[in-house]
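Indexing begins at 1, ligand by ligand and atom by atom, following the structure's order.
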Amino acid sequence: MTVQPLARPGPCAADWHWQLRHRIRSVAQLVARFPALGASAAGIAAAADKFPLAITPYYAGLIRRPDDADPLFRLAVPQAAEIAEHTFQSLDPMDEGTHTPVPGLIRRYGDRALLLVSSTCATYCRHCDRKRIAGQHEGALTPAQFRRAVDWIARHEEIHDVILSGGDPLTLGDAALRTMLAALRAIPHVEIIRIHSRTPVTLPQRITPGLARMLRRFQPLWINSQFNHPRELTPAACAALARLADAGCPLGNQAVLLRGVNDSADVLEELFRGLVRNRVRPYYLFQCELVRGVEHFRVPTARGLAIMAELRRRLSNLALPIYVLDTPGAGKIPLTPGTILAASARRLKLRGPNGQSAVYPEPR
Ligand SMILES: *Cc1c(COP(=O)(O)O)cnc(C)c1O
Ligand code: SF4
């Protein structure tokens with residue numbers, strides 16, 4: 001009897017390489033997927049010309065309606081509004097370029113350094129604050145550039161926390177990541193490594209058991225993702241988060257407050273509850289920056305503060321991120337509704353989340 005060799009599983013939607021290769025990358029592919037967009041193709045093309053377009057088949061499958069009333073459509077599909085120019089907007093609002101001692105390394109805080117290890121993302125967010133880097137050409141830090149960055153960190157003993165960012169570091173393969181993580185782990189003063197990746201949202205297939213096994217060897221390794229809407233917490237995304245948490249990675253989420261996507265207490269409550277249920281701590285809620293091409297996403301800070309005040313009434317602190325504005329001169333500044341009504345050397349007068357006041361006598 002002859003034994004049939006086992007058929008090798010072919011490339012398919014469950015494979016992250018397949019997902020990357022089959023991304024929607026052109027307006028023609030977009031219109032083929034969503035024929036209703038034919039009429040607005042010119043505006044989409046003008047925007048995609050300026051800021052790159054890529055959507056994984058997985059993420060495209062989460063879009064329910066091809067118009068910008070659908071929050072996931074808004075997050076991923078270019079819109080003509082992106083090409084409106086506003087004089088106060090910049091491609092590098094945080095002035096990261098001037099905080100770059102060696103190529104690919106940004107240092108804006110004393111004890112932390114951020115490495116732009118890849119300029120590729122699985123899906124390009126329309127609200128991206130690094131539009132000057134993400135997808136302008138799809139590449140990665142070269143081994144020589146990475147070596148220079150690692151040497152710089154090794155010479156700076158005050159750096160205790162290194163963040164792999166981009167672009168999206170998890171668009172790199174396991175071997176390249178392992179090399180980077182091993183080089184950083186070999187530096188004694190690097191206590192914490194973080195990976196900032198949106199792949200749990202747009203390419204959960206990337207979080208393979210093999211990747212999780214590899215990451216486990218480099219603890220303490222924190223992973224921050226960017227879920228912006230509760231519909232992004234699909235069974236596939238939740239399974240990816242579970243794999244990372246089971247590998248010992250503390251998980252965080254850095255959402256962005258975006259008009260027409262999540263600028264409501266109900267949507268954010270559902271998002272933050274869903275994240276905590278999946279062992280993800282909501283870490284930051286970012287106020288939109290003054291980056292070119294995102295004006296249509298900006299929400300007034302008064303509205304952001306009102307939403308946060310409402311969420312504080314509804315949610316445990318475990319589910320509450322810090323609402324923060326990143327500024328070029330002063331770094332990240334928390335935006336918090338005022339709780340201190342009056343302060344003297346004798347006593348502090350406070351206002352609680354539901355409006356009641358409280359008094360705390362100071363020590364003598
Ligand atoms: C935001 C940021 C960090 C990390 O800041 P945390 O508040 O510690 O999360 C580090 N480096 C740069 C350049 C940043 O923009
Ligand atoms: S994943 Fe991050 S870097 Fe990439 S497009 Fe989205 S916000 Fe920008």
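Within the protein, the number of N, O or S atoms lying under 2.8 Å from atom 8 (Fe) of ligand 2 is 1.
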Would Arg259 and Asp68 count as a salt bridge (Lys or Arg N to Asp or Glu O under 4.0 Å) if you check the C-alpha gap in whole Å, the side-chain angles of each, and the deciding distance to 0.1 Å?
-> CA-CA 11 Å; Arg259 178 142 63 97; Asp68 70 3; over 6 Å; no
Step by step, would you call Glu96 with Arg132 a salt bridge (Lys or Arg N to Asp or Glu O under 4.0 Å)?
-> CA-CA 11 Å; Glu96 292 182 329; Arg132 71 185 192 284; 2.7 Å; yes
Kindly determine whether Tyr59 and Gln19 satisfy side chain to side chain donor-acceptor pair (under 3.5 Å), including the steps that lead there.
-> CA-CA 10 Å; Tyr59 199 80; Gln19 286 283 339; over 6 Å; no
Does the pair Glu138 and Arg23 meet the rule for a salt bridge (Lys or Arg N to Asp or Glu O under 4.0 Å), with working shown?
-> CA-CA 13 Å; Glu138 295 201 323; Arg23 289 179 300 171; 2.9 Å; yes
Please walk me through it: do Tyr360 and Arg347 pass side-chain contact (heavy atoms from CB on, under 4.5 Å)?
-> CA-CA 6 Å; Tyr360 176 77; Arg347 56 187 208 138; over 6 Å; no
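Contact check on Asp168 versus Arg130 returns no salt bridge, with no Lys/Arg side-chain nitrogen under 4.0 Å from an Asp/Glu carboxylate oxygen. Using a 4.0 Å cut-off between charged nitrogen and carboxylate oxygen, Asp174 and Arg206 count as a salt-bridge pair. Using a 4.0 Å cut-off between a side-chain N of Lys or Arg and a carboxylate O of Asp or Glu, Arg346 and Glu362 do not qualify as a salt bridge. With respect to the salt-bridge test (charged N to carboxylate O, under 4.0 angstrom), the residues Arg198 and Glu232 qualify. Salt bridge Asp246/Arg213: absent, no basic N to carboxylate O contact under 4.0 Å.
Residue Lys332 touches ligand 1 through its side chain alone, judged by heavy-atom distances below 4.0 Å. Neither the backbone nor the side chain of His196 has any atom closer than 4.0 Å to an atom of ligand 1 (non-hydrogen atoms only).
Shortest contact from atom 11 (N) of ligand 1 to any protein heavy atom: Tyr109 CD1, 3.8 Å.
Near Tyr283, meaning under 4.0 Å from one of its heavy atoms, ligand 1 places the atoms 6 (P), 7 (O), 8 (O), 9 (O). Residue-ligand proximity, Tyr284 to ligand 1, at heavy-atom distances under 4.0 Å covers atoms 6 (P), 7 (O), 9 (O). Short contacts between ligand 1 and Ile163, defined as distances under 4.0 Å to a heavy atom of the residue, involve ligand atoms 3 (C), 4 (C), 10 (C). Ligand 1 places these atoms under 4.0 Å from at least one heavy atom of Arg112: 5 (O), 6 (P), 7 (O), 8 (O). Shown in contact with Ile106 at under 4.0 Å from a heavy atom are these atoms of ligand 1, numbered in order with element: 13 (C). Those atoms of ligand 2 that come under 4.0 Å of a heavy atom in Gln226, given as number and element, are 7 (S).
In terms of N/O distances under 3.5 Å, ligand 1 is approached by Arg108. Residue-to-ligand polar distances place Arg194 within reach of ligand 1: an N/O pair is separated by less than 3.5 Å.
For the pair Arg112 and Tyr109, the cation-pi criterion (under 6.0 Å, within 45° of the ring axis) is fulfilled.
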